[in-house]
Structures are given as structure tokens and as C-alpha cells.
Protein chains: 2
Amino acid sequence: MPRQGLTTGRVTAAAADLADDVGLEQVTLTALAKHFEVATPSLYTHVRSQADVRTGVALLALAETADLVAAAIAGVSGRAALAALGGVWRTYAVEHPGRYAASRLPLDAETAAASAGRRHADLSRAALRGYRLSSADEVHAVRFLGATFHGYAALDAAGAFGHGAADAPASDESWERVLDGLDAILRSWEAR
Amino acid sequence: MPRQGLTTGRVTAAAADLADDVGLEQVTLTALAKHFEVATPSLYTHVRSQADVRTGVALLALAETADLVAAAIAGVSGRAALAALGGVWRTYAVEHPGRYAASRLPLDAETAAASAGRRHADLSRAALRGYRLSSADEVHAVRFLGATFHGYAALDAAGAFGHGAADAPASDESWERVLDGLDAILRSWEAR
DNA sequence: GGTTTTATCCTAATGCGCATAGGTAACGGC
DNA sequence: GCCGTTACCTATGCGCATTAGGATAAAACC
């Protein structure tokens, strides 16, 4: 029987697509093997373990989002830059829920060092450049934005904004208010 | 052989403790059964499934945190109320990581309706009472705070704040700045 | 206090998924 | 066309969730 031409990259990519389809938890080696019409143990030539696959998806997601952020924040500053940065995450979490979930997994120190995590930190700082913050404030601001954007995406994904009254304002409306608020804070920090 | 006197509540409580110890993912029915010195299938008299146990831990965590929030925000307002509300979540996420993780699980509509989720929404609004916001702004503010507090707890737990330079400011410092920022925003909304 | 009822806990068994070990044959270099 | 490499195979074992059906401890009743 002919070989399938599997590679680590193809397996990881398929795992990412599957995660977006059925959820990260449901990404099993068995399902991946079925997708490639291959016996389950055959995958072990290309990946070390199930956890290894998940880590691979996480690294893929971090790299993809870093590219998206880089493109989104190019040429904009201030509130527009915040909207661009936050919009990437909010959109990505909706369109690629499995990849997004993977990107939130804790990575061990060396994996994190080899990931696009550092690039994300740099990009976030770049997005804030227009506010002319002190370098200490920049760190606080990056954490603030990261917390708010990721928290928002998580709550939205968990449906926490839909549990309330039927006449509650739409999530989009709150999102704009959040961006307004963050922009106001950072502008006030600029003046210090 | 004597019976163990298991109940749904005792199983759920043990699951919560175990989750805090070894992580929510590692809470298996087998491990719980071992803890009670009982055969695994015996648990099915008290819980419907593994997912049911997790949901039970989530409901427990939501109820516990609602009590903590109620106690923390009693008699305070403004920035102090924000610190109280956020502090509950940040502390809880560190001291009870398994329960906290469970509290972030998506719940189906009827389970959510029976949970302390509604109480949390009411408590959050109560914490904001001092800002005298319009009712629409109150919803936006609750979402803003929820996103930021939970995002912060998640990033902190994932170690995202420790990956950077060794001389980076401590997380506590950023936390105070976040509270300052949120307080400033809400005070500005008050004036509208 | 003995009998009936209830339901807690048991053993047995199935199925799925991860993972390791060791064999076989397809491919790439020469 | 031969040879070495390795992608993929079958066989196997383990852990966990879950179902089915039986035994007995405990409670309920007279």
C-alpha cells in the first residue's frame, strides 16, 4: 500500500482544523489517524504524544495570530491600534475556537521561549507606541490589554454574555465601550 | 462490608479538592473511587457521568465565590469595591486552581440558570453601585470587569507574566494599575 | 424483632483511546 | 537493480468511562 506522505506539519495542521471543528478536547490521535486513513500508531513516527500534538497546535495558533496582529496594527495607532489588536483575538477566538483554546494552554519554559509569545509581546508594545508610555507602564498596559481581550473572548465564547436578560445590550456594543475605556486609560497614562 | 455513606455532595466536594490538588483534567472517577475506597462503578449511584462531576464542581465553585464576593464587597464602594471583587477572583484562582478552572467551563442553559451565575451578575452590579451608572452602562461595566479580572487570573495562572525579562515588574504592581485604570474609567462614566 | 423494601455497593464485561514493541515493505540514493 | 532508511503496519497492554445485573446493608414497617 502506498504511503500517505505524513509529516509533523501536516498532522499538526489537521489537528488544528479538527480542533476548530469539534473542539480541542476531542482531538484524538485515533481521529487524526482516521482522517489520514492510517493506523493510529503510525502517527508516532511524526509526533511524540497526544500532548505533543496539542502543543503543536498551540504554537501554530500563536504564530498565526502573531502574523494577523502584525498585519492589523500596521499603520495605525491609538484607539485604532487597540481595536486592531483586540479585534484579531476576538475574531480568531470565534473563527478558530480550537486553535484559540490551544493558544491558551500553559507551555513549559523552553517551549514558550521557542514560541511566538515573545513576538506577541513585542507586537503589543508596538501597538501601544502611539501612547508614548514609560517602559514600566508599557508592561502594565500590555498585561491590562492581554487580560481584558482574552477575558472578553473567553467569556463571550463561554456564552456568559448571553445568559442574562433578552433585552441585554449586544456584545458588540460592550466591546466598543471596552475599547473606549482602554483608550481613555492609556491616554491618561501618556500624560504622566 | 459496611457502606461508605457516599452522597452526591461528598463526591462533588472530594472532586473539587482533588481538582485543586492535581488539576481539573486529572479528576477521574477512578481516582475518586480510590479516595473513597470504593469500586469505580459504585459512583454512578451518585453521579451521572464524569461530565456531571465536573459540572458539580463548577456549580460549587460559583456558589463559593458568590459567597466570597458578597462578603468582600459588603460596606465598600468605588475603587475599594473593585479591589474586593477582583481580589476574590484573583485569590480564588491561585488558592483553588481546580475549582476556578471548573467555574470557567461553559454550562448549558438550564444548568447556568440554576447556578449562582445570576447571583454573580447581581453582586457585580451591587459592587458598582457607588459609580451611579445608567443601567445600560452597568451591563457594559460588568462585562468589562469580568473580562479583565478573569483574563488577568487566566494569564497569571498560565504563567504568561513570568515569561518575560527577569526585571519585569511584579504581577501585583500591574494589578494595582489595572484597578486604578478601571476605577478611572467608571468614574468617567458616572459623569455622563 | 422479624420481615419487607429500598438502594448502595459489588463483580463482570465492553469499548475506546494512548502508547510501546517489533516486523514489513515502500521509497530514495547509488 | 540493489541497499539502506524509515514510514507504516499488526499485535499487545494499560487505564479510564460506562453499562448490566446481582448481593447485601440499612432503613421502613408492622
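Letters A, B, ... mirror the listed sequences (proteins, then strands); counts begin at 1.
- With sequence neighbours left out, B:Arg79 forms a salt bridge (Lys or Arg N to Asp or Glu O under 4.0 Å) with B:Glu176, B:Asp180.
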Determine all donor-acceptor pairs shorter than 3.5 Å in which one atom belongs to a side chain in residues 52-61 of chain B; sequence neighbours excluded.
from    : atom 1 : to      : atom 2 : distance (Å)
B:Asp52 : OD2    : B:Arg48 : N      : 3.0
B:Arg54 : NH1    : B:Leu24 : O      : 3.1
B:Thr55 : OG1    : B:Ala51 : O      : 3.0

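- Every residue two or more places apart in sequence or in another chain was checked for a side-chain hydrogen bond (donor to acceptor under 3.5 Å, both in side chains) with A:His46, and none qualifies.
- With sequence neighbours excluded, the residues forming a side-chain contact (heavy atoms from CB on, under 4.5 Å) with B:Thr40 are B:Leu29, B:Thr30, B:Ala33, listed by chain and number.
- By the salt bridge (Lys or Arg N to Asp or Glu O under 4.0 Å) test, A:Arg90 pairs with A:Asp156, A:Asp172, sequence neighbours left out.
- Remark: A:Arg129 pairs with no residue by the salt bridge (Lys or Arg N to Asp or Glu O under 4.0 Å) rule, at least two apart or across chains.
- DNA chain D is contacted by A:Pro41, A:Ser42, A:Thr45, A:His46 of residues 40-51 of chain A, taking any non-hydrogen atom closer than 4.0 Å.
- Remark: A:Glu138 pairs with no residue by the salt bridge (Lys or Arg N to Asp or Glu O under 4.0 Å) rule, at least two apart or across chains.
- Within residues 19-38 of chain B, the residues that have a heavy atom under 4.0 Å from DNA chain C are, in order of number, B:Val38.
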